Amino acid sequence: MYSFMGGGLFCAGVGNILLIVSTATDYWMQYRQSSNYMHQGLWRYCMPGKCFPHNDGIAHLDATRALMILSLLACFIGIIIGIMAFIHYSSFDRFDKTFAAGILFFISCFLVFLAMAVYTGVTINYYGKRYGNWRFSWSYIIGWVSVVLTFFSGEYATQQTKLH
C-alpha cells in the first residue's frame, strides 16, 4: 500500500530535480551561426566563450519561464504534502493528503506540459522557417522527461488514495 506513495514521491522528487535543472540550464536549443555552435536557454543565450541574458522580454520565453516556475512550486508543495501523508503527520486529519499530493502532481504535469508546448510551438514556427541548422538540446529533453515523471507521480499518489 505504501509502495504506491513511495513510488509517487520518488517520481515527484526526480521530476522536481529535473524541472530545476531544465529551467536553470542554457541548453534548450543549439544552432550553428558563422561556423560556431551557439546555444540558448530560458534565461540567456551563449556564444562560444560568452553568455548574455535575454533582455528583450520575449513573450514565449516569459510564458515558458512562468509556467516552469509554477510547475516547480506545485510539485514541491505536492512532495511536502506527500511526505506528510507518508509519515502519517496528524495535522489536518480530515484532509486527504495523498489525494491532494496527487492533484498537485497532476497540476505540475499540466503546467510543465503547457510550458513545453509553448516553447516547442514558437521555436518550430520561428527557427524552423528561418534557420536550417538548429536542434533542441538536452535541457529541453529533460523538460519533457519531467512531464512524464510528474504524471506518474500523480498517478501513483491517486492510486494510493484508491487503496486507502
Side-chain angles (χ1 to χ4, degrees), residues 5-84 86 100-158:
M5 193 61 200
L9 286 173
F10 177 76
C11 284
V14 172
N16 208 25
I17 290 168
L18 292 180
L19 278 170
I20 292 168
V21 170
S22 176
T23 304
T25 54
D26 298 324
Y27 285 89
W28 279 61
M29 186 185 66
Q30 290 181 324
Y31 51 96
R32 182 181 287 273
Q33 189 171 17
S34 306
S35 73
N36 290 318
Y37 273 109
M38 299 170 48
H39 56 91
Q40 72 177 23
L42 298 179
W43 307 99
R44 45 188 204 163
Y45 62 97
C46 300
M47 297 178 191
K50 292 184 180 181
C51 291
F52 305 96
H54 290 292
N55 291 328
D56 305 2
I58 303 168
H60 81 281
L61 290 178
D62 291 341
T64 304
R65 287 180 207 143
L67 290 166
M68 292 293 279
I69 290 170
L70 289 173
S71 176
L72 277 164
L73 291 173
C75 190
F76 182 74
I77 293 168
I79 290 171
I80 298 298
I81 292 173
I83 290 171
M84 288 171 43
F86 194 71
I103 294 299
L104 284 167
F105 295 148
F106 281 130
I107 289 171
S108 176
C109 175
F110 178 70
L111 290 172
V112 74
F113 180 79
L114 274 176
M116 299 306 291
V118 166
Y119 188 84
T120 303
V122 172
T123 301
I124 288 174
N125 283 329
Y126 180 75
Y127 286 98
K129 293 177 182 176
R130 287 172 180 78
Y131 303 103
N133 198 3
W134 68 275
R135 65 185 175 132
F136 292 115
S137 193
W138 61 268
S139 297
Y140 173 82
I141 295 166
I142 286 175
W144 279 110
V145 171
S146 67
V147 170
V148 174
L149 287 173
T150 53
F151 175 79
F152 282 120
S153 63
E155 184 64 28
Y156 279 129
T158 54

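Because the structure is a prediction, the values reported are computed rather than measured. Start at 1 with the first residue, then count along the sequence.
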Can you give me the closest heavy-atom contact between [X] and [Y], atom names plus distance?
X      : Y      : answer
Asp26  : Cys46  : OD2-SG, 4.0 Å
Ala63  : Val118 : CB-CG1, 4.3 Å
Ser139 : Trp28  : CB-CD1, 3.4 Å
Val145 : Leu18  : CG1-CD1, 3.6 Å
Ala101 : Gly78  : CB-O, 3.5 Å
Gly15  : Ser146 : O-CB, 3.7 Å

Would you say the side-chain atoms of [X] pair up with the backbone N or O of [Y], donor to acceptor, closer than 3.5 Å?
X      : Y      : value
Thr123 : Thr120 : no
Ser22  : Leu19  : no
Arg65  : Leu42  : yes
Trp43  : Thr23  : yes

Measure the spacing between [atom1] of [X] and [atom2] of [Y] and express it to the nearest 0.5 Å.
X      : Y      : atom1 : atom2 : answer
Asn16  : Ile20  : CG    : CD1   : 5.0 Å
Met116 : Leu111 : CE    : CG    : 13.5 Å
Leu104 : Ile80  : CG    : CD1   : 11.5 Å
Cys51  : Met38  : SG    : CE    : 10.0 Å
Ser71  : Ile107 : OG    : CD1   : 10.5 Å
Leu67  : Ser108 : CG    : OG    : 11.0 Å

Checking Met47 against Phe52 for the side-chain contact (heavy atoms from CB on, under 4.5 Å) test, could you report, in this order, the C-alpha distance in whole Å, the side-chain angles of both residues, the deciding distance, and whether it holds? CA-CA 8 Å; Met47 297 178 191; Phe52 305 96; 4.2 Å; yes

Parallel, tilted or perpendicular, as decided by the 30° and 60° cut-offs, for the rings of His60 and Tyr119: tilted

How about Tyr31 and Tyr37: do any of their side-chain heavy atoms sit closer than 4.5 Å? no

Is any side-chain heavy atom of Tyr140 closer than 4.5 Å to one of Met29? no

Is it the case that the ring center of Trp138 lies less than 6.0 angstrom away from the ring center of Phe136? no

One pair to check against side-chain contact (heavy atoms from CB on, under 4.5 Å): Phe113 and Trp144. What are the steps and the verdict? CA-CA 8 Å; Phe113 180 79; Trp144 279 110; 3.6 Å; yes

